[in-house]
Engineer: 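Here it is, the structure in full.
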Protein chains: 2
Amino acid sequence: MRKTWEKQFDYFNKRVTPHRRAIIEIFEEENRHLSAEEVYMLLKKKEEKVGIATVYRNLDLLSQMGLLHRVNFGDGKEYYEMTRVLPGEHHHHLICTKCGKVVDYSELVGEEHEFLNRLEKKLSNKYGFLTQSHQIYFYGLCEDCQLICES
Amino acid sequence: MRKTWEKQFDYFNKRVTPHRRAIIEIFEEENRHLSAEEVYMLLKKKEEKVGIATVYRNLDLLSQMGLLHRVNFGDGKEYYEMTRVLPGEHHHHLICTKCGKVVDYSELVGEEHEFLNRLEKKLSNKYGFLTQSHQIYFYGLCEDCQLICES
DNA sequence: TGTGAAATTGATAATTATTATCAAAATGTG
DNA sequence: CACATTTTGATAATAATTATCAATTTCACA
Ligand SMILES: [Mn+2]
Ligand SMILES: [Mn+2]
Ligand SMILES: [Zn+2]
Ligand SMILES: [Zn+2]
């Protein structure tokens, strides 16, 4: 009954606590972008007595451990989402600059992978930079906001 | 002696003020990522008497007008940089997750353009999303931090 | 199956970045 | 130049996140 992610805790010399289990569980259940405050609220709803500082600390830790991805949509808070490793689950984000709506997309991830691999090799040669992850953001107008702009 | 960017102010029905001129001038001179606080300090150094609120307001305005790009490197503040339109000036960012160093890169922008064009078309069809701009971030370890990690 | 050193946590104070307020000053159209 | 409108400055307010530190919990190992 040892969860697959627990080996990550061994590797980082971190302890597996009920709070940490609960936070990961929240992300598995919700499967969406969550802010620290939202995670805190969802934990309370599950009767998990936890302090907000612990939530912040653990979101930071879990993203450093690679179990969560930290994303920023420009609204002043940080969001987190479960790191999905299966090929079909890799995705990026469309952000509407008018209403703030965020859409996950995973179109052309094959081509993306091929292109970024080539790019990473160049960056490694030229800057000595070792890439661990990447994020692509598209900014623009969602369907609804385009209509509003025309009128 | 009308600057090339002044037509943008007409288009957005905004007034050209000395502060706005001075802020744009700062970015032209410094040619790097600047936070609101840094812009504020640089303006003071130039004897430009301005309030910090005005700096925030105008950085926001200038990026909405497309004259500045707003970027986020995950350190809790927003940064801005001059929008460069020439083909060779389009670039993205490498961010060291250990020391926070940020490097501009512009490798493979040709391939990037070709790939993103194809992607944008797909996203437009599937989600009705109209792309205005995009950002790519690579997270990893800079050369120095890789050495420190090995030892 | 305990022990204890080290890690984690909670309550809350502190910090930091950014936004709101609103009267005074500046802009630019006609 | 006049004046309707926009912009600005000082500063209060807000909001997200981090620091503090004593109490509690974890887990390696005896
Ligand atoms: Mn997502
Ligand atoms: Mn840059
Ligand atoms: Zn929208
Ligand atoms: Zn580094």
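Only heavy atoms go into these numbers, but all of them, side chains included; no hydrogens, no water, no symmetry mates. Each chain gets a letter, A, B and so on, in the order its sequence line appears, and its residues count up from 1.
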Engineer: Nearest-Å distance, CG (B/L59) to P (D/dT8)?
Structural biologist: 12 Å
Engineer: Salt bridge (Lys or Arg N to Asp or Glu O under 4.0 Å) between B/D104 and B/R32: does it pass, once the steps are laid out?
Structural biologist: CA-CA 9 Å; B/D104 288 0; B/R32 61 193 174 97; over 6 Å; no
Engineer: Do any side-chain nitrogens or oxygens of B/R20 fall under 4.0 Å of OP1 or OP2 in D/dT8?
Structural biologist: yes
Engineer: Just how far, in rounded Å, is C1' of C/dT18 from CG of A/N72?
Structural biologist: 14 Å
Engineer: From C/dT12, C/dT18, D/dT17, pick the nucleotide closest to the side chain of A/A53?
Structural biologist: C/dT12
Engineer: Less than 4.0 angstrom between a side-chain N/O of A/K14 and OP1 or OP2 of C/dT8, yes or no?
Structural biologist: yes
Engineer: Under 4.0 Å, heavy atoms only, any strand: does B/E78 hit a base, just the sugar-phosphate, or nothing?
Structural biologist: sugar-phosphate
Engineer: Between B/N58 and D/dT8, is there a side-chain N or O to OP1/OP2 distance below 4.0 Å?
Structural biologist: yes
Engineer: Nearest whole angstrom, please: distance from the P of C/dT9 to the CZ of A/R21.
Structural biologist: 12 Å
Engineer: Would you mind telling me which residue lines up with the more 5' stretch of DNA chain C, A/N13 or B/I52, judged by nearest nucleotide?
Structural biologist: A/N13
Engineer: Between B/V16 and B/Y79, name the one whose nearest nucleotide on DNA chain C is closer to the 5' end.
Structural biologist: B/Y79
Engineer: Given atom CG of A/D75 and atom C1' of D/dT14, what is their separation to the nearest angstrom?
Structural biologist: 15 Å
Engineer: I need the NZ-C1' distance between B/K49 and C/dA25, as an integer number of Å.
Structural biologist: 16 Å
Engineer: What's the CE-P distance between B/M65 and D/dT6, to the nearest Å?
Structural biologist: 15 Å
Engineer: Is there a donor-acceptor contact under 3.5 Å linking the side chains of A/Y137 and A/Q135?
Structural biologist: yes
Engineer: Does a nitrogen or oxygen in the side chain of A/Y56 sit under 4.0 Å from OP1 or OP2 of D/dT17?
Structural biologist: yes
Engineer: OP1, OP2 of D/dT25 versus side-chain N and O of A/H19: anything below 4.0 Å?
Structural biologist: no
Engineer: Do the ring planes of A/H93 and A/H33 sit parallel (below 30°), tilted (30 to 60°) or perpendicular (above 60°)?
Structural biologist: perpendicular
Engineer: CZ of A/R15 versus C1' of D/dT26: gap in Å, rounded?
Structural biologist: 4 Å
Engineer: Which is it for A/F73 and A/Y79 under the ring-ring contact (aromatic ring centres under 6.0 Å, His included) test, yes or no, and what are the steps along the way?
Structural biologist: CA-CA 8 Å; A/F73 303 134; A/Y79 289 83; 5.6 Å; yes
Engineer: Would you please classify the geometry between the B/Y80 ring and the B/F27 ring as parallel, tilted or perpendicular, with 30° and 60° separating the classes?
Structural biologist: perpendicular
Engineer: Ignoring backbone atoms, establish whether B/T54 has a side-chain N or O less than 4.0 Å from OP1 or OP2 of D/dT7.
Structural biologist: no
Engineer: Please classify the nucleic acid contact of A/R57 as base, sugar-phosphate, or nothing, using heavy-atom distances under 4.0 Å.
Structural biologist: base
Engineer: Measure CG/B/L61 against C1'/C/dT27 and give the value in whole Å, please.
Structural biologist: 15 Å
Engineer: Under 4.0 Å between a side-chain N/O of A/T17 and OP1 or OP2 of C/dT9, yes or no?
Structural biologist: yes
Engineer: Taking the nucleotide of DNA chain D with the nearest heavy atom to each, does B/V55 or A/R70 sit closer to the 5' end?
Structural biologist: B/V55
Engineer: In terms of relative ring orientation, are A/H134 and B/F138 parallel, tilted or perpendicular, with 30° and 60° separating the classes?
Structural biologist: tilted
